[in-house]
Amino acid sequence: MELLCSGKQMQEIDRYSIQEMKIPSLVLMERAALAVRDAVLRRWKPGGRIVAVCGSGNNGADGLAAVRLLSQAGCPAEAILAGSEEHETRECRLQREILVNLEIPVHRAAGDAYDKIRGAQILIDAVFGVGLSRNVKGTYARMIEAVNQADGQVVSVDIPSGVSADTGKVLGCAVNAAETVTFGFRKLGQILYPGAGCCGKLTVAEIGFAPVPGTLSEELAYTFVTEDLDGLPQREADSNKGSFGKTAVFAGCKNMAGAAALCGLSAYRAGAGLVRLVTEEENRMILQQLVPEAVMTTLERNRKERIAEALEWATVIVLGPGLGRSEEAGEEVRQVLEYGMKHPEKPVAADADALNLLSENPQWRIKGSGNLILTPHPGELSRLLGRSVEKLKEDFPGAVRDCAEKYGAVVVGKDSRTVVSEAEGPVFVNTSGNSAMAKAGSGDVLCGVIAGLLARGVPARSAAEYGAYVHGLAGDLWVREHGCQGMTAMDLSECLSRLWF
Ligand SMILES: NC(=O)C1=CN([C@@H]2O[C@H](COP(=O)(O)OP(=O)(O)OC[C@H]3O[C@@H](n4cnc5c(N)ncnc54)[C@H](O)[C@@H]3O)[C@@H](O)[C@H]2O)[C@@H](O)CC1
Ligand SMILES: Nc1ncnc2c1ncn2[C@@H]1O[C@H](COP(=O)(O)OP(=O)(O)O)[C@@H](O)[C@H]1O
Ligand SMILES: [K+]
């Protein structure tokens, strides 16, 4: 597991290290600057000039210190001050004074500063770090635009200036870096888009922060690494199909069999022992061919009774893929969700049309109690929350958390970086997967994977996190072998069979 920080949490780790643990601020800063120096030296070619554009906070101070170290390493390096002296932090003032004492060039952001930026082989972006708190304007914005328009390679200090370290939002304008050297932890704003797209190559430098105090470490977001797959339960040698749950998949309206097939197959491929597809009679033939391993309940007559029988049979319930939004679908979704509320021992994963119907019917008063998983993409999340997609994307983890609170659910907010959250506690941010998965049907596969993990006995929250992670690993496996255009959702599902999890 890798911990991820917001900007505010990183500032708290900084403060704790310096003020409570008494690690000198300048020691941390020197190590940060050394890491930046090394990254720049790997790119620099003799003859090229290095220009650092520095703000007046400690990010700027890092930049000034890096200029000193590069100059001492024999490179022509200079600094441009984008901020004013009156706003300088103590460290920033000291680093500037050292440059002046050493007769290393320091310029104001005026006159020929823009020419210097244009003429640089390498630009060090040290305008803002994790302390950026509002939209970038004025000289700062002009400096950032100048850096982006220059031909030189840009190395950002800690985070590309203009990116919110908390949300990845671009606050007005932001630097597009070739490389970002960050300190201690990756920041959420470097993982979430659009910030993630501004970082270029991201390196994490260890600069000697104190260990994170327990109270704070429990609040940090996290992502998975391959070793985390060891946390999943193994398949016992002495087991049978009944050992791995009975998964009922309520999916597929007339002529929408594909979603049911992808979900059911993916549940098997994620380890489910027995899958029942509960669908329309018209889908029977096609689904028997696509998923011969599944048993089937079709809903021609006595819908309510047949749904009730399938619910009684099930230990894991999936609801929604390809279900449509008809009145009948509405009745079905309501019946299943209400059953789920009365049976907390049976996890329910709701996706797609089940989410749309849920948002259209607030009078159902659905509130899970730890066993309900909702898997909305931003459009569905927007309907569930009554908040525009644009607005919720400004703080995606916050929106996912709000949805979890509203519905008493574990919410899997699906996007290029899927976020899993409950009403309280840290968020999980998925870092596997790729844009080949941006295709119809990928979500049905995810829902199946989560169901398969639930059927193996993985608790709801973990099934949601591991589901997103494994789903992304399957996409990554495909892309490594075939490139990023041709994958279908069925290909994605098939890749699940080739992963160890
Ligand atoms: N010893 C330390 O404290 C260390 C600090 N480090 C560096 O320090 C950075 C954080 O430094 P700071 O907390 O000083 O913050 P920053 O240097 O990121 O800058 C924020 C400063 O700009 C102001 N500001 C915020 N948004 C603005 C806007 N839109 N327009 C104009 N001004 C704005 C803030 O009030 C603050 O003074 C890290 O990103 C990292 O680079 C690292 O060197 C590690 C050690
Ligand atoms: N650019 C991307 N990078 C990583 N994962 C992606 C990307 N685009 C889509 N995905 C993943 O693919 C799935 C798409 O789900 P969804 O939008 O519900 O599709 P559908 O409804 O067509 O099945 C989600 O799990 C999402 O996280
Ligand atoms: K920066």
Side-chain angles (χ1 to χ4, degrees), residues 7 10-11 13-15 17-18 23-33 35-36 53-63 65 82-84 87-92 124-141 144 154-165 171-172 174-175 177 180-184 187 193 205 207-209 258-259 262-263 321-322 351-352 355 375-380 412-419 430-447 449 467-468 471-472 475-476 484 489 492:
M10 197 61 227
Q11 284 181 308
I13 293 167
D14 235 39
R15 190 203 60 78
S17 300
I18 296 165
I23 300 171
S25 171
L26 288 172
V27 170
L28 296 173
M29 192 166 276
E30 198 67 9
R31 291 185 66 180
V36 173
V53 184
C54 304
S56 45
N58 281 353
N59 191 253
D62 287 348
S84 63
H87 291 122
E88 275 175 347
T89 57
R90 201 167 43 86
E91 287 85 349
C92 185
I124 299 176
D125 154 39
V127 183
F128 297 114
V130 298
L132 180 70
S133 55
R134 53 191 188 276
N135 267 18
V136 180
K137 293 195 189 114
T139 309
Y140 294 113
I144 287 175
V154 181
V155 175
S156 281
V157 178
D158 208 10
I159 188 163
S161 299
V163 171
S164 159
L171 296 175
V175 166
T180 298
V181 182
T182 198
F183 311 123
K187 318 297 181 291
Y193 286 91
I207 64 166
F209 290 114
L262 285 166
C263 183
D351 186 35
L355 303 175
T375 57
H377 59 52
E380 289 152 355
V412 181
K414 295 182 295 194
D415 207 348
S416 46
R417 299 293 193 205
T418 291
V419 170
N430 189 47
T431 45
S432 64
N434 57 71
S435 59
M437 300 164 75
K439 267 192 194 169
S442 298
D444 305 324
V445 174
L446 173 66
C447 203
V449 177
H471 182 242
D476 290 341
C484 65
L492 176 64

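Whatever order the structure lists them in is the order used to number ligands and atoms, beginning at 1.
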Is [X] close enough that one of its N/O/S atoms sits under 3.4 Å from the K ion (ligand 3)?
X	answer
V157	yes
I159	yes
G55	no

> In D125, what N, O or S atom is nearest to the K ion (ligand 3), if we give its atom name?
Replying inline: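 Of the nitrogen, oxygen and sulfur atoms in D125, the K ion (ligand 3) lies nearest to O.
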> T89 to ligand 1: N or O pair under 3.5 Å?
Replying inline: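 Checking ligand 1 against T89, no N or O pair falls under 3.5 Å apart.
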> Is any N or O atom of E91, backbone or side chain, closer than 3.5 Å to an N or O atom of ligand 1?
Replying inline: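 Among all N and O atoms of E91, none is under 3.5 Å from an N or O of ligand 1.
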>> Return the closest protein heavy atom for atom 3 (O) of ligand 1 as residue, atom name and distance.
In response: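 I find the closest protein heavy atom is D14 OD2, 2.7 Å.
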>> Can you report which non-hydrogen protein atom sits closest to atom 33 (C) of ligand 1, along with the distance?
In response: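 For this ligand atom, the closest protein heavy atom is F128 CE2, 3.5 Å.
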> So which of G443, G441, C484 gets nearest to atom 22 (O) of ligand 2, if we judge by its closest heavy atom?
Replying inline: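 Looking at heavy atoms only, the winner is G441.
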> Which is closest to atom 18 (O) of ligand 2 in terms of heavy atoms, M437, R417, K414?
Replying inline: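 The nearest heavy atom belongs to K414.
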Counting each atom of ligand 1 from 1 as listed, which ones have a heavy atom of [X] under 4.0 Å away?
X	answer
S133	25 (C), 26 (N)
A32	43 (O)
G129	16 (P), 18 (O), 39 (O)

>> Using the rule given for side-chain contact (heavy atoms from CB on, under 4.5 Å), can you reason through D476 versus N434, listing the C-alpha separation, both sets of side-chain angles and the distance that settles it, and then say yes or no?
In response: CA-CA 7 Å; D476 290 341; N434 57 71; 2.8 Å; yes
>> Quick check against the 3.5 Å criterion: does E30 have a side-chain atom that pairs as donor or acceptor with the backbone of V27?
In response: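 Not at all, since once roles are kept as given, no pair shorter than 3.5 Å links the two residues.
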>> Does the residue I159 have a heavy-atom contact with ligand 1, meaning some pair of atoms that are separated by less than 4.0 Å?
In response: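 I159 does not count as a contact of ligand 1 under the 4.0 Å cut-off.
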>> Whether R31 and D62 form a salt bridge (side-chain N of Lys/Arg under 4.0 Å from carboxylate O of Asp/Glu) is what I want to check.
In response: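 Salt bridge absent between D62 and R31.
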> What's the OD1-the K ion (ligand 3)-OG angle here (N59, S161), rounded to 10 degrees?
Replying inline: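 Result: 100°, to 10°.
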>> Yes or no, since that's all I need: does a protein heavy atom fall within a distance strictly under 4.0 Å of atom 37 (O) of ligand 1?
In response: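 So far as the 4.0 Å threshold goes, atom 37 (O) of ligand 1 is out of reach of every protein heavy atom.
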>> Does V157 form a side-chain contact (heavy atoms from CB on, under 4.5 Å) with D125? I'd like the steps, not just the answer.
In response: CA-CA 6 Å; V157 178; D125 154 39; over 6 Å; no
> Do S432 and N430 meet the criterion of a side-chain donor-acceptor pair at a distance under 3.5 Å?
Replying inline: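 Result is yes, a qualifying pair exists.
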